[in-house]
Amino acid sequence: MLLSEPARLDDTSGHRFDAQRHWAASLALRFAHRQGVTRMVQSRHSGPLRVQRPFYPEGRGEACHVYLLHPPGGLVSGDALTIQAHVENGTHALLTTPAANKLYKADSQGVAWTQHTCLSVDDGATLEWLPQETIAFDGSRGEQYTQIDLHGSARCLGWEMMALGRPASELPYVSGRIEQHFRLTLDGKPLWLERQPLDPLHPRFTGRWGQGGATVQATLWAVGIADVAGAIEALREALPDNPRWAVTVRHGVLLLRYLGNARNEAWALCEQAWHLLRPLWIEREAHTPRIWLT
């Protein structure tokens with residue numbers, strides 16, 4: 001019996017998708033206020049994507065810490081990962097991951113992976129989105145989408161970190177393509193929209209006007225800081241004085257950017273900034289998740 005060749009589709013960015021090679025994993029969480037405590041009242045999953053039980057290291061009436069677990073540890077050709085979280089009024093959730101996310105080299109057919117993160121924060125709710133970094137292996141191909149929808153007086157602080165290639169193993173990122181999309185809205189109105197292609201063959205990748213050959217990048221954002229100017233001044237005074245990072249504010253969103261070549265430096269910078277900002281943001285000291293120390 002002859003089998004027809006699987007249908008393949010190319011998207012506008014040049015990624016190739018295989019209709020018969022689609023391995024999906026999804027997780028949908030919802031947090032609600034119950035008897036003075038933020039509780040995870042919904043956790044629906046499909047495929048290898050789970051959560052550990054909620055933790056309350058800051059006290060039962062404080063933030064609900066949740067660790068997102070993806071046992072495969074990364075994305076390969078054909079994977080489709082979807083994470084959704086809805087934080088209701090009066091709740092405070094902190095979401096993180098136990099390890100770096102890895103984006104593996106595409107297969108011989110160039111089939112792409114996709115990752116969607118959709119976060120919704122209600123009026124009067126607080127969300128901290130603090131995943132560990134993402135490591136892109138040479139030849140990786142895919143798209144990342146992050147959408148955060150805020151409502152009313154919702155507060156949100158988070159970061160995204162990307163390390164390209166594995167310099168310690170002398171395996172730089174010299175082929176492949178990753179396209180990142182970020183959308184942050186308040187009551188449906190855009191506050192920050194961004195699209196970034198990471199393509200080592202494009203002049204932007206090495207040009208001084210673009211990536212400049214940097215292999216590590218990070219962005220930290222915060223919405224809901226009462227005194228943004230004071231927060232920026234505090235960061236500039238406390239963080240290391242070097243040209244690899246900068247901080248500014250756009251439409252009420254504090255943005256701290258890092259562009260360099262050291263994952264540890266990017267992580268330390270963002271973690272220190274989080275410790276500095278949290279008391280200014282929600283009047284509570286930062287409480288480092290235990291999983292980061294293991």
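- Of all heavy-atom pairs between Tyr258 and Asn261, the closest is OH-N, 3.5 Å.
- Residue Gln272 comes nearest to Ala238 through the heavy atom pair NE2-O, 3.3 Å, listed as atom of the first residue, atom of the second, then distance.
- To the nearest 0.5 Å, the span separating CD on Glu179 from CD on Gln144 amounts to 11.0 Å.
- Summarising the geometry, atom CZ belonging to Arg155 is positioned 11.5 Å from atom CG belonging to Leu127; distances are rounded to the nearest 0.5 Å.
- Ring orientation note: the planes of Trp159 and Trp274 are nearly perpendicular, at an angle over 60° on the 30°/60° scale.
- Taking OH of Tyr173 as the start and CD1 of Ile178 as the end, the distance is 4.0 Å to the nearest 0.5 Å.
- Remark: side-chain polar atoms of Arg166 are not paired, donor with acceptor, to backbone N or O of Ile135 under 3.5 angstrom.
- In this structure, Asn89 contributes its side chain and Asp122 its backbone to no donor-acceptor pair below 3.5 Å.
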*For Gln196 and Arg204, run side chain to side chain donor-acceptor pair (under 3.5 Å): C-alpha distance rounded to whole Å, both residues' side-chain angles, the deciding distance at 0.1 Å, then the answer.*
CA-CA 10 Å; Gln196 176 178 228; Arg204 177 190 175 280; 2.9 Å; yes
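- Panel note: side chain Asp123, backbone Ser153; a donor-acceptor pair is recorded below 3.5 Å.
- The two residues His116 and Tyr145 come nearest to each other via the heavy atoms NE2-CD1, 3.3 Å.
- Scanning for salt bridge (Lys or Arg N to Asp or Glu O under 4.0 Å) contacts around Asp199 gives Arg177, with sequence neighbours left out.
- Under a hydrophobic clustering in which Ile, Leu, Val, Met, Phe, Trp and Tyr are joined whenever their side-chain heavy atoms come within less than 4.5 Å, directly or via other members, Val223 and Leu186 fall into the same cluster.
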*Starting from the C-alpha separation in whole Å, work towards a yes-or-no answer on side chain to side chain donor-acceptor pair (under 3.5 Å) for Arg183 and Thr185.*
CA-CA 7 Å; Arg183 180 179 179 87; Thr185 67; 5.5 Å; no
*Test side chain to side chain contact (heavy atoms under 4.5 Å, CB included) applied to Val216 and Glu133, step by step*: CA-CA 10 Å; Val216 179; Glu133 76 277 10; over 6 Å; no
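- Note: the hydrophobic cluster containing Leu119 does not contain Leu69 (ILVMFWY, side chain heavy atoms under 4.5 Å, direct or indirect links).
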Residues 285-294, side-chain donor-acceptor partners within the protein, below 3.5 Å, at least two apart:
residue, atom, partner, partner atom, Å
Thr288, OG1, His275, NE2, 3.3
Trp292, NE1, Thr96, OG1, 2.9
Thr294, OG1, Ile291, O, 2.9

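- Between Ala85 and Leu95 the shortest heavy-atom distance is CB-CD1, 3.9 Å.
- In this structure, Leu171 stands alone, with no Ile, Leu, Val, Met, Phe, Trp or Tyr side-chain heavy atom under 4.5 Å from its own, directly or through other members.
- Note on Leu130: it does not cluster hydrophobically with Val121, by side-chain heavy-atom contacts below 4.5 Å among ILVMFWY residues.
- Using a 4.5 Å heavy-atom threshold, the side chains of His181 and Glu143 count as touching.
- In this structure a side-chain-to-backbone donor-acceptor pair under 3.5 Å is missing from Thr38 to Cys64.
- Grouping the Ile, Leu, Val, Met, Phe, Trp and Tyr side chains by contacts below 4.5 angstrom, directly or via other members, places Leu239 apart from Trp221.
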*Where do Leu184 and Leu150 land on the side chain to side chain contact (heavy atoms under 4.5 Å, CB included) test, with the steps shown first?*
CA-CA 8 Å; Leu184 175 64; Leu150 308 179; 3.9 Å; yes
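- By the 4.5 Å heavy-atom criterion applied to side chains, Ile225 and Leu277 are counted as neighbours.
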*asked:* One pair to check against side chain to side chain contact (heavy atoms under 4.5 Å, CB included): Tyr104 and Asp79. What are the steps and the verdict?
replied: CA-CA 11 Å; Tyr104 293 107; Asp79 281 358; over 6 Å; no
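- Separating the OG1 atom in Thr215 from the CG atom in Leu198 is a distance of 11.5 Å, to the nearest 0.5 Å.
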*Check the pair His70, Thr97 against side chain to side chain contact (heavy atoms under 4.5 Å, CB included), reporting the backbone distance first and the verdict last.*
CA-CA 9 Å; His70 184 226; Thr97 58; over 6 Å; no
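- The closest side-chain heavy-atom distance from His86 to Gln42 is not below 4.5 Å.
- Considering OG of Ser120 and CD of Gln84, their distance stands at 10.0 Å, rounded to 0.5 Å.
- Side-chain contact check for Pro190 versus His251: every heavy-atom pair is 4.5 Å or farther apart.
- The side-chain heavy atoms of Leu27 and Ser43, taken from C-beta on, include a pair separated by under 4.5 Å.
- In this structure a side-chain-to-backbone donor-acceptor pair under 3.5 Å is present from Thr91 to Glu88.
- Ring orientation note: the planes of His92 and Trp281 are nearly perpendicular, at an angle over 60° on the 30°/60° scale.
- Contact annotation: the side chain of Leu220 approaches that of Leu254 to within less than 4.5 Å [non-hydrogen atoms, C-beta and beyond].
- Centroid-to-centroid, the aromatic rings of Trp113 and Trp23 stay 6.0 Å apart or farther.
- Nearest heavy-atom pair across Pro48 and Pro71 is O-CD, 3.4 Å.
- Among residue pairs with one or both ends in residues 62-78, those qualifying as salt bridge (Lys or Arg N to Asp or Glu O under 4.0 Å) are Glu62-Arg284; sequence neighbours excluded.
- In this structure a side-chain-to-backbone donor-acceptor pair under 3.5 Å is present from Arg50 to Gly47.
- Note that CD of Gln115 is 6.0 Å distant from CD1 of Ile83, once rounded to the nearest 0.5 Å.
- Using a 4.5 Å cut-off on side-chain heavy atoms (C-beta onward), Met162 and Gln180 make contact.
- No chain of hydrophobic side-chain contacts below 4.5 Å, direct or via other Ile, Leu, Val, Met, Phe, Trp or Tyr residues, connects Trp192 to Val228.
- Among residues two or more places apart in sequence or in another chain, the salt bridge (Lys or Arg N to Asp or Glu O under 4.0 Å) test is passed with Glu58 by Arg278.
- The two residues Ile232 and Thr248 make their nearest non-hydrogen contact at CD1-C, 3.9 Å.
- Around atom CG of Asn242, more than 12 heavy atoms belonging to other residues, nucleotides or ligands sit under 6.0 Å away.
- Side-chain atoms of Gln147 never come within 3.5 Å of backbone atoms of Cys118 as a donor-acceptor pair (strictly under, hydrogens ignored).
- Contact check for Thr126 versus Val87: no side-chain heavy atoms found under the 4.5 Å cut-off.
- Other residues sharing the hydrophobic cluster of Leu259, ordered by chain and number and joined by side-chain separations under 4.5 Å: none, the residue standing alone.
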